[in-house]
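First comes the structure, then the notes that go with it.
Quick note: numbers below take in every heavy atom, side chains included, and nothing from hydrogens, waters or symmetry partners. We name chains A, B, ... by the order of the sequence lines, and we start the count at 1 in each one.
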Amino acid sequence: MPEAILKIEGLSKSFEGSQVFNDVNFAIPEGELSSIIGPNGAGKTTLFNLITGYHVPDKGKILFRGTNIAGMQPFHIVGLGIARAFQRTNIFPRMTVLENVLTTVISARKGNLSLFAPFRNHDKDHERAYEILENVGLADMASRESGTLAHGNQKRLDIAVALALEPKMLLLDEPTAGMSPEERWHTVELVKGLWEKLKITMLFIEHDMDIVFGISQKVRVLCYKTILAEGTPKEISSNQQVIEAYLGEEV
Amino acid sequence: MTIQLFIFMLVNGLSHGMLLFIIASGLTLVFGVLRVINFAHGSLYMIGAFLAYSLSTLLTTGTLQSFLLSLLLVPPAVALVGFVLEVLLFRRVYREEHLLQLLLTYALVLILDDVVRVIWGGDPRNVARPEIFAGSVDLFGMALPTYNVFVLLVGPVIALGMWLLLYRTRSGNLIRAAVWYPETLGALGVNVSWVMTSTFMLGCWLAGVGGVLMASLANIDLGIGMEKIIESFAVVVIGGLGSIGGALLGSLIIGVGITVLQLPFGRWALVFPYAVMALVLILRPWGLFGKPER
Amino acid sequence: MVNNRNEYSSTKRNWIAGIIVTAGLFLLPFILTNFGKTGEYWIWVTTEMIIMGLFAMSLNLILGFGGMVSFGHAAFFGVGAYTVALLMKKAGVSLFFALAAAPVVAGLAAAVIGWFCVRLIGLYFAILTLAFSQLLYMIVFQWYTFTGGDDGIHGIPRPEFLGPLNYYLLCLVLFIICFLIMRMLVNSSFGLTIRTIRENLERAKFIGLNVRRFQWLNFIIAGSFAGLAGGLLTELNRFSQTEFLHWSKSAEPILGSLVGGMYSLLGPAIGSAVLIFMKIFLQQLHKGLVEIWAIILGLVLLVVVLFAPGGLVGIYEKAFKKS
Amino acid sequence: MQLEVRNINTFYGLSHILFDVSLDVDQGEVVVLLGRNGAGKTTTMRSIMGLTPPKSGRVIFKGKDVTGLAPFRVARLGMGFVPEDRRIFPDLTVHANLEVGHKGSGGKTNKWNYDRIYGFFPRLDELSNRRGGTLSGGEQQMLTIARTLIGDPDLILLDEPSEGLAPIVVKMLGGFIDTMKREGVTILLSEQNVKFALKHSDRAYIVDNGHIKYQGSVAELEKDEDIKKRYLAV
């Protein structure tokens, strides 16, 4: 079994007195494509917020390749190799699609302090940005103002921005939320394809069980303030505890 | 510095603090509901003060009747100005970004201050205190100006009145509800625009009360609006934007601070509000009584 | 709110217009000198326009491009002004050294003040900048022995070769240099980064940006240019006064930016010039009008806020886009 | 018909969200809008209530054209809106929250007074002096319904009431919906929880990408495996 890229130990977090997590523990092996499921309000997004430094945990360790990143600043964590795409579209709306990716490419190579050289003339950045846009199928919209894109394309741009950071681990928060059925499967294939191509670790939150069980190597169920169960899709869908707490009788 | 001098300064500082509270509470109330920092609040206060002056020249100045009459008439007049401003201007920018809102109120400062100058001119004025407040009261063997003690007592009355209004009436419930979810309030059948207009008018009424009280406390001139809006800013920042209790504490800190520090530091004491404001923003940006926004 | 797709448009049309205007600006004083006293007055006015335009452009680096509303930009304008005044009057330093020192000292002040301010966002940032600038204002106001208090510092020497015309040309050249530097800045990777932060500050953190650091740097750069503008105005007036630090001075470049359009580089300079011109024009038209200048300015501002938040440049771009 | 929605088109800024949406709700019915996240259910409700007025089309409530009317006027005509995120006024006590929703009888006698509301939601009676901000999710959901109910609406728009609630609370909520229906309140519900929705509704509409894709009785929908699979991922 490969080395764990992310290891969470005894993680606890409360907001204004109400506890969201109590002693969460799990480890994600390098290169895994896995998902997190759980009822609304179980704290799936909060978990991402803790891993990426948006919130500071009350207790516990978040070890990313051996470094404890709990409480670090987001930009620091990004620098170590964790990127995320957001549940609600979260891009730079009045910049073009290309600029959205370009600014991230520049950030990834720490070139932001170049005060005088025009960013438009840097061929390598452009090539890289176009390559990423092609990967997610947005290359032909490069010069559009990103805020005017359709919802599905904005979400894909969000993923493109995350990819531009060349992360070792990518967190995707409901990548198909608000998409039509065709768009959904398109996005699922995109995610799967990227995973196979880039060979990075991916962790995503998803509500659609067909998608979850369709592409995850492993599923973790977040419920009752902790990880209720983890296992292969097959194990999870037949886990009595999970059925009671979350899936219901239907599945 | 004797202890007596200190108490004297303290009472003075407290009365200035209470005056400041009356003005600043209007500012913070309006911010709480409308989410607009009204730069022009100081100008409205100044208009109140000058209206009190004009009214006193029409009546027998220095009588209790004339004083009470201006306390009765001037604040509603200022509230009426507020009504016009809210309906014609403020209403249009609630959804705009902060900068445009601030610039709108700044434009009003330019206009209102100049209107005051055109109407009343630049000379300092004052209104004679009604004779029953003109003397002084004895306290610990010191003669304290009665009027200052009076202002000192008006502050808590206003604070209590605001508390009763906000926490013991249906209108208060509506105002406190509008702070959070104006849209939901509308969907419950409440005319939210009217709640906002009334709140704004209440804020202006408070500025008017401050103006009337100020007119007999010290000289009034074209600078008082600016002076008080900056002090109110400091008060509101210290107390936390939107918090009435915070405004009370902040007013006392600023009012007493400026007055008491004048003894050892002279005019350098005027630096105090800015220093406190900067310090609070650095250490606790959401203010002593406020809550962090996230 | 404002469409800024053409934020850095450098189309042919703009280039041609730019060259014509620049040439016109260089020729203008030579024409004006032929008109005796009136001409000299107008040279003085245009010099002030250029300086205030530079001040407004410097603010716009943080306001329009950075999305940070500062109410205390006059602090750095004032620091620049007093640096020139004190160095020349009290230390006998030459004008060029003093003018070189102004942006450096202002930049240092911006570094100190900005270090605290960039920790806050939105309204809180705005109020803290105001508090700091007023703090500085009070200090300059009270410290009579060093700054001359509310008397200001008068009688700043002027090198002989710098008549009104030459000083105009000096300011114009400096303005163009500063403009070109700022243009490079906003078009650089740094400029893109600043815009990225403006667009979505939270997201910017998650593309690995140390947001505060870039905002701080931008704040310092903007402060430095403001310092140069302050120094230039001090030398133009040959005095420095506390008004230069007052918050109402901070409002001037904001008004200029708003009137001119804050999503373009030159908009704020154009806006400031228009405002100065308008004031003088009204004064010439009728003396009574300047008495109520604040009312007129306030009304203009109201109209812009309510009906044209993109400013003059916004109107210009809209007009051309439609045609 | 108590509510008729005719070909409404709604925009958020420049983005077109609803396309020619039409629906009817009859007096005393429970009608559900089904569809995934972002399909346009909430926007439909906001358009009906006047919170996001449609650019074109008409909303007719009790025979009266209410399109473009301010929400508070629509509310006073007898429509209630229970927002998805509940929006309990956190600084107000439970009782004060109810007072805000109370419109005053205005001549006619209120069907729902405080006693009845507290009888209906005994838990709120126990909590009546607690600040709204301290309630749990389920308690907040009860309060937000109660707050609308006390304004005596003829029609309630219930936006995703089951979201984020524990199964047992959802069950209780279902009971409230059934009781309200018995009391003669018309309900337009929006839900993602298909099972819950179908259990308590008479008719259903399916919204997808801002279009109405299906309408029919619950019994019909139950049988239509194809539709269920296509739009509801069931």
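By number of non-hydrogen pairs under 4.5 angstrom with chain B, the leading residue of C:L63, C:L301, C:V304 is C:L301.
Taking the side chain as every heavy atom from C-beta outward, B:L89 and C:V305 never approach each other to under 4.5 Å. Here the side chains of B:L281 and C:F116 are not in contact, with every heavy-atom distance at 4.5 Å or above.
With a threshold of 4.5 angstrom between heavy atoms, B:L102 approaches chain C through side-chain atoms but not through N, CA, C or O. Both the backbone and the side chain of B:V115 come within contact range of chain C, judged by heavy atoms closer than 4.5 Å. Of the atoms belonging to C:I127, heavy atoms from both backbone and side chain fall under 4.5 Å from chain B. Residue B:V237 touches chain C through its side chain alone, counting heavy-atom pairs closer than 4.5 Å. Contacts between B:F272 and chain C at a heavy-atom distance below 4.5 Å are absent for every atom of the residue.
Taken to the nearest 0.5 Å, the CZ atom of B:F233 stands 7.0 Å off from the CZ atom of C:F71. Between C:L306 atom CG and B:L103 atom CG the span is 11.0 Å, to the nearest 0.5 Å. Taking CG of C:L258 as the start and OH of B:Y106 as the end, the distance is 12.0 Å to the nearest 0.5 Å. B:I111 CD1 to C:L299 CG: the interatomic distance, rounded to the nearest 0.5 Å, is 4.0 Å. Atom CZ of B:R92 is separated from atom CZ of C:F307 by 5.0 Å, given to the nearest 0.5 angstrom. Rounded to the nearest 0.5 angstrom, B:L88 CG and C:L302 CG are separated by 10.5 Å.
Of all heavy-atom pairs between C:L135 and B:A275, the closest is CD1-N, 3.5 Å. Here the closest non-hydrogen pair linking C:Q142 and B:R267 is NE2-O, 3.2 Å. Taking every heavy atom of both residues into account, B:D114 and C:W293 meet most closely at OD2-N, 4.0 Å.
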Check against side chain to side chain contact (heavy atoms under 4.5 Å, CB included), C:F132 and B:I282: CA-CA 11 Å; C:F132 271 117; B:I282 290 166; 3.8 Å; yes
Derivation of the side chain to side chain contact (heavy atoms under 4.5 Å, CB included) call for C:W143 and B:W268: CA-CA 9 Å; C:W143 198 355; B:W268 280 97; 4.2 Å; yes
From CA spacing to verdict: side chain to side chain contact (heavy atoms under 4.5 Å, CB included), C:I295, B:L110: CA-CA 6 Å; C:I295 296 180; B:L110 292 172; over 6 Å; no
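Annotation: residues 246-258 of chain B contacts chain C through no residue [non-hydrogen atoms, separation under 4.5 Å]. Using a 4.5 Å cut-off between non-hydrogen atoms, no part of residues 271-280 of chain C approaches chain B.
By the neighbour-count criterion of 12 heavy atoms within 6.0 Å, atom CD1 of C:I121 is sparsely surrounded, having that number or fewer from other residues, nucleotides or ligands. A 6.0 Å sphere centred on CH2 of C:W247 holds more than 12 heavy atoms belonging to other residues, nucleotides or ligands. The local environment of OH in B:Y94 is crowded, with over 12 non-hydrogen atoms from other residues, nucleotides or ligands closer than 6.0 Å.
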Only distances under 3.5 Å count here; give the side-chain donor-acceptor pairs of residues 106-115 of chain C to other protein atoms, sequence neighbours excluded, each with its distance to 0.1 Å.
none

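Scored by the side chain to side chain contact (heavy atoms under 4.5 Å, CB included) test, B:V30 finds B:L34, B:F200 as partners (sequence neighbours excluded).
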